[in-house]
Structure formats: structure tokens, C-alpha cells
Amino acid sequence: MRTRFYVALFAAMLLAGSARLVAHHSFSAFNTETEKTITGTVNRFEWTNPHTWVWVDVTENGKTVTWGVEGMSPNYLSRRGWSKNTFKPGDKITLTVRPMRDGSPGGMFVRGILADGKPITFAATEQ
Amino acid sequence: MEGERVRGVQKVRWVRRVRALSVTVLAVVLAAAAVHAQNNFIYKAPTAADWAALAKLPDFSGVWEVGFGPAPGAARGAAPGAPPAGAAPPGPARGGAPRGGGAAAPGGGRGRGGGGPQLTPAAEARRKELQTQAANVQDSPAANCLPPGMPGIMGQPYPMEFLLTPGKVTIVIEAYQQVRHIYTDGRPLPEDPDPKFHGTSIGRWEGDTLVVDTVGFSPLTEIARYVPFSAKARIVERFRLTDPDTMSIETTITDPDVLTAPQVSTRSLRRHRNWTTAEYICEENNRNSVDSSGKAVIDLTLPAKK
């Protein structure tokens, strides 16, 4: 019973996740109704406010495009298990994002799989 | 006869001028006195007794964050991959809290209560007008790192720290690196405050509850989406500890020109003894902006290698 309550609660939170991010700055350029998964190599990781950006070199059909993926702030994430070393240049990672509406190689982070195969979300573990 | 009448008229005019001048002078003097009382309130140098008296107040020290969802232990145990306890919807007005806001419900809309403001006919007409004006705008052009101001700033998913010193409570807010100054030294609220993002605040202790009274809000802040404050708006916040590491804040917004009933909401904050307040410079790397036409822009320029 209690478990079911939390499952429902987290489902609601997941759905509301993008709405929370909207509160910070403008996220209207992202299509929050769809997801896209990309796999590539970390080019660099900007551990900056107001939001983090991980840049990933993605090779599709022989062409390499660098994707920019936006995440929550270092302030928020550092209290939930992330650090400036969460993504290191050269890491092979997979990210699921809410992509740009105009098709540009960018998106908002939803979840990912780190170089060591571990899954990662904004939640991780609270410190 | 004619000359006498002219002199008489001139005399009446002269008397009127003196009267008018006196009234003006009196008004200026009174206004100056009022401004003096508000702006030049002399802060009494604290004594050792004043510092000692702080120890008798409730312990508000440390870093607090608005609590969301279940207790952290339960959150960790129940769903490890779940989004953060901070992903609660920003309030009843979906799809567009004001800049940085979440002010869809008073105080940021992350507390209980809310349910949307009950507006006067004039305020409802103004809300519709603003909403129509914004129809072709993806987001407010003011979204570019402007802080939300009151009441939204009190509901951000970032911590805040309370500093109690003699005659003052200072709230250091991590989001947008903001500070609220609450004077508890007995000074009055200004009668004609300048509009400010956080208004002008005074506070007093009612037993273990800090009661904060705030007036004078910037037109860039909102009670709720498309609901600006009038000059008559007032926010009363009641801060108290409900258990050793939980603080309750009850926020009541009154505004006779805008609201037909007070907007009351309650939220709770959790103390994190092992946290510190961190730097937050929004302009450091804000790639999410809104251009002058209201179009949301994402800057996808690869950063230079350092």
C-alpha cells in the first residue's frame, strides 16, 4: 500500500519534472513530449550555474556531431551524488534527453548510463 | 471703489497662496519626517545582553531546503532511480510559472494551500489581458536570470540559511544568490515603500513564531502568473519550528485591489546540518535565454577549451 503510494508519487514527479525545470529559465525550445537516446563520447562537461552542460560527440552514419545536453545546477546535483567528475572527457556514455524542437543537436537530460554502466538520474542519492 | 475691490481680490489671492504654500510646506515636512522615520531609523548598537537574548529564540540556524514528497529515507528506499524530491509540480497554474518563479500559488506554489488566487473583477480582467499579450511569447523576456522576487524566491529547489543577529533576521537564499533583510528592531514599515523584488520587511517574535510583514513589491514580481501586485499588497509570513529540524512557513498574501480573499499557503523546510550554502551565479553560463521578441533560445555553441 505504502509502496504503491510512493510509486504513484514518483510517477507524478517524473511527469512534472520538466515543469520544475521551466521555473528556472526558459526551456520552451525543448520538446518535453518526446525522448531521444544518444550514445557517444564525452567531449567536455560544464559544471556551471545556472545549469550543467555535458557535450557529447555522437557518430551517426559516419558523421560526428557534438550534442549539448543540459542538466540541473551543480548546486542541486552536488547534494545528490553528482560531481564535476561525473562525466569525464573520453567517457563512453548513453543519455536520454528531451530534444530541441528545431532538431538542433541539443536536449534536456532525463537519465543516462555512465561509462561504468551505472544508471544516473537527477536524484542519485541525497547527501 | 474699483481700486479697493482689486486690492481686496489681491489680498484674497495672497492669503490663498500663503495657505497653499503652508499646506505644501507642512506636507513636505511631514513626508520628510516619515521618510526620516523609515529610512533613517537608527540601529541601536547591540549590547552583550542583546546577543545573549538571541540564545532564547528558537534555533533557526543552519541550512534549510523546501521539503518535497516523502522523508528522504523513504525516498531512497522506495525508488532509487526516481527523480529528485524537488520535482513537485510548480503549482496549480500549469505550463508556465513566472520567471524563476513557481509563484503559481503564493510563496512559490510548492506548499499546501494555493488553489489559485481569488481575483477581483479588475484583476481578472488584467490577468486575461496579460495572458493575451503573452500569447505569442514562448516565455517572458525577463526570464534571463532575473530572480523571481517575492513570493517565488521562497519556494526554489535550493537551500536558504537564516542568520539571527540583534535587531535583524537575514535570509541568505542560494537561488540567484539573494538576500532578504528582515528588521526586528521595532522600526515601522514605510508608508510609501519603493517597489522591490523582496519588498520591505519587518519582523517580530510572537512566542516561538517569527512573524514577518512585507510591503512594496516590484512590478516584475507576481502573486501568480499574470497577477501583479498592487501597491496595497501585503505578505505576512509565520516561521516556526514544528520539530527540531522542520520549519513551517505560513504565507498569507492580502491585496484588496487584486484578491477577494487572503491567499494562504503553508510549506515546510527541512534542515540539513551537513550542507553549506553554495555560490549561484546565474550569468556564469546561462544558455537558456529569451530574445526581445519572446522567443526561447538555446545557445548550443561548444564551449572553448580551457
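Small disclaimer: the values here were computed from a predicted structure and weren't measured. Chain identifiers are assigned alphabetically (A, B, ...) following the order of the sequence lines, protein sequences preceding nucleic acid strands; residue numbering begins at 1 within each chain.
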* Asked: Are Trp55(A) and Phe87(A) close enough that their ring centres sit under 6.0 Å apart?
  -> no
* Which atoms of Glu174(B) come close to chain A, meaning under 4.5 Å heavy atom to heavy atom: side chain ones, backbone ones, both, or neither? -> side chain
* For Ile281(B), is it the side chain, the backbone, both or neither that has a heavy atom under 4.5 Å from a heavy atom of chain A? -> backbone
* Asked: Heavy-atom distance under 4.5 Å between the side chains of Ser61(B) and Arg273(B), does that happen here?
  -> yes
* Test of ring centre spacing under 6.0 Å for Phe109(A) and Trp82(A) -> yes
* Given that the side chain runs from C-beta out, which part of Thr66(A) has a heavy atom under 4.5 Å from chain B: side chain, backbone, both or neither? -> side chain
* To the nearest 0.5 Å, how far apart are CG in Asp299(B) and CD in Glu70(A)? -> 10.5 Å
* Structure fact -> If one checks every heavy atom of Trp67(A) against chain B at 4.5 Å, the contacting part turns out to be neither
